[in-house]
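Everything below concerns the one structure shown next.
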Amino acid sequence: MRVRTRFAPSPTGYLHVGGARTALFCYLHARKHGGQFVLRIEDTDLERSTAESVNAILEGMTWLGLDYDEGPFYQTERFERYNAVIEELMAKGLAYRCDCPKERLDKLRVDQKARRLKPRYDGRCRNRQVDPETPHVIRFKNPVDGVVVVDDLIRGKVPFNNEELDDLILRRTDGTPTYNLTVVVDDADMAISHVIRGDDHLNNTPRQINILRALGHEPPRYAHVPMILGDDGARLSKRHGAVSVISFRDQGYLPEALLNYLVRLGWSHGDQELFSIEEMIECFEIGDVNRAASTFNHDKLDWVNQQYLQHADPARIARLLSPHMGRLDIDPSTGPDLVEVVKAQAARAKTLAELAEISAFCYRDFETFDESSAKKHLRPIARESLERLASAFELMAYEDWTPEELKRVVERVAEELEVNLGKVAQPLRVAIVGRAASPGIDETLMLVGKEATLRRIGKALDFIAAREAGA
Ligand code: GLU
């Protein structure tokens with residue numbers, strides 16, 4: 001069988017991480033089996049579909065690197081085809097016109113509910129001749145008995161009794177085709193072999209199988225992927241924080257880290273945590289996806305992102321970091337080479353946004369010292385070492401401002417004062433970074449540069465003096 005999968009989002013909002021995970025599974029399954037991955041935009045809901053949302057979906061797919069082989073196909077461009085299929089079903093006697101007024105259908109529903117029956121159309125128009133000129137919908141003649149079994153790759157066999165399925169509407173009064181009809185026509189026309197989608201569609205599947213069979217098609221294989229939940233057990237949504245793929249990009253997650261996090265959500269391969277795309281393609285099995293819903297864990301995503309930030313090519317990270325520096329009003333061309341900053345700092349940040357924040361000190365003076373760092377390290381006892389450091393730095397030529405030389409100076413001051421290196425380096429670090437955490441002191445001095453170092457030591461000495469006067 002030629003493997004062909006499709007991702008079929010409705011463009012009614014952003015690309016949600018749950019959708020991205022479904023797209024990833026479709027992509028991996030196709031790639032693993034040397035098949036094709038199709039992108040289809042299900043934009044038949046004219047009121048809710050927007051061009052912005054289509055763009056957001058395409059942008060998200062591109063950013064994630066989920067390349068599709070065919071598409072995007074737009075359902076709104078295929079109305080003629082859907083109508084032809086509806087006519088075909090009519091001609092075969094497998095669909096019929098229904099002009100039941102809304103009032104009748106409402107009353108039917110109320111009566112059925114009162115009798116504790118599942119609300120469904122009673123088939124009144126099945127054998128009536130409805131005048132094509134009067135307003136009407138077209139309904140599918142669902143089989144009245146028997147069982148449809150959805151043989152799901154994740155869920156196993158799920159049986160549905162036909163008597164519980166409605167004669168669903170294929171074409172609305174306004175002439176537009178409905179979701180179940182368009183999906184079926186497209187899955188058949190696009191020769192989709194595996195429908196991998198969210199399990200909120202499981203109830204649609206027996207209906208779609210019935211329509212496919214009515215059209216003489218063998219249904220594809222189905223895999224219904226469980227939902228992603230927020231930490232309160234409810235379906236992951238905006239309430240739980242940002243959920244759109246683009247917002248993860250904007251917060252500074254790397255696409256490969258987000259994909260890696262998503263593939264592990266409800267799927268595992270031994271105890272391996274990190275997978276390159278190639279490894280995902282090799283190891284991923286759709287049938288191994290967990291049946292139970294999984295919970296989105298931001299801490300785990302941060303951990304995965306940090307791993308990738310640390311090991312990715314620093315030049316690439318620097319390119320991606322640049323706009324995040326821009327958001328802090330920093331132009332990286334005005335200071336040290338951003339690639340060097342990345343090399344020194346990447347292991348310390350969970351996201352690019354955080355990396356930008358903790359690297360701002362390389363480009364501009366900070367406003368205030370971190371309170372607890374200053375309390376601990378900018379004390380009168382540090383004055384002498386800071387003064388000695390300032391004098392030594394002052395005398396250094398610009399070309400000597402290298403990590404080796406700087407390290408020597410700091411070590412020498414510690415020796416002169418007969419204290420260990422930390423006693424000198426920590427106050428110095430707080431003086432030039434604003435807080436007690438930074439890369440090695442030599443690298444930090446290198447990144448900050450001579451002028452800013454001297455200026456900031458001066459400020460730290462003022463701070464100590466003020467503190468002493470106040471105490
Ligand atoms: N367009 C549907 C949705 O966004 C998906 C349909 C499908 O995968 O069959 O929920």
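In listed order, ligands and their atoms are each counted from 1. Counting from 1, the numbers follow the sequence of the chain as shown.
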Using the side chain to side chain contact (heavy atoms under 4.5 Å, CB included) rule, take D299 and W303 through it: C-alpha gap first, then chi angles, then the decisive distance, then the call.
CA-CA 6 Å; D299 292 339; W303 179 81; over 6 Å; no

Under 4.0 Å, heavy atoms only, figure out whether ligand 1 is touched by the backbone of S10, its side chain, both or neither.
both

Given V17 and Y261, is the side chain to side chain contact (heavy atoms under 4.5 Å, CB included) satisfied, shown in steps?
CA-CA 10 Å; V17 278; Y261 175 71; over 6 Å; no

For atom 1 (N) of ligand 1, what's the nearest protein heavy atom and its distance?
E42 OE1, 2.6 Å

Does R6 have a heavy atom less than 4.0 Å from any atom of ligand 1?
yes

heavy-atom search around atom 5 (C) of ligand 1 in the protein gives A8 O, 3.3 Å

Enumerate, atom names and distances included, each donor-acceptor pair closer than 3.5 Å involving a side-chain atom of residues 142-151, sequence neighbours excluded.
unit_1 : atom_1 : unit_2 : atom_2 : d
N142   : OD1    : N210   : ND2    : 2.9
N142   : ND2    : N162   : OD1    : 3.3

Write out the residue and atom name of the closest protein heavy atom to atom 10 (O) of ligand 1, then the distance separating them to 0.1 Å.
H201 NE2, 2.8 Å

Hey, can you pull the donor-acceptor pairs under 3.5 Å for the side chains in residues 435-449, sequence neighbours left out?
unit_1 : atom_1 : unit_2 : atom_2 : d
R435   : NH2    : I358   : O      : 3.3
S438   : OG     : R429   : NE     : 2.7
S438   : OG     : T444   : OG1    : 3.0
T444   : OG1    : P439   : O      : 3.0
T444   : OG1    : G440   : O      : 2.7

What about Y179 and H201, are their ring centers closer than 6.0 Å?
yes

Which atoms of ligand 1 have any heavy atom of Y179 under 4.0 Å away?
6 (C), 7 (C), 9 (O)

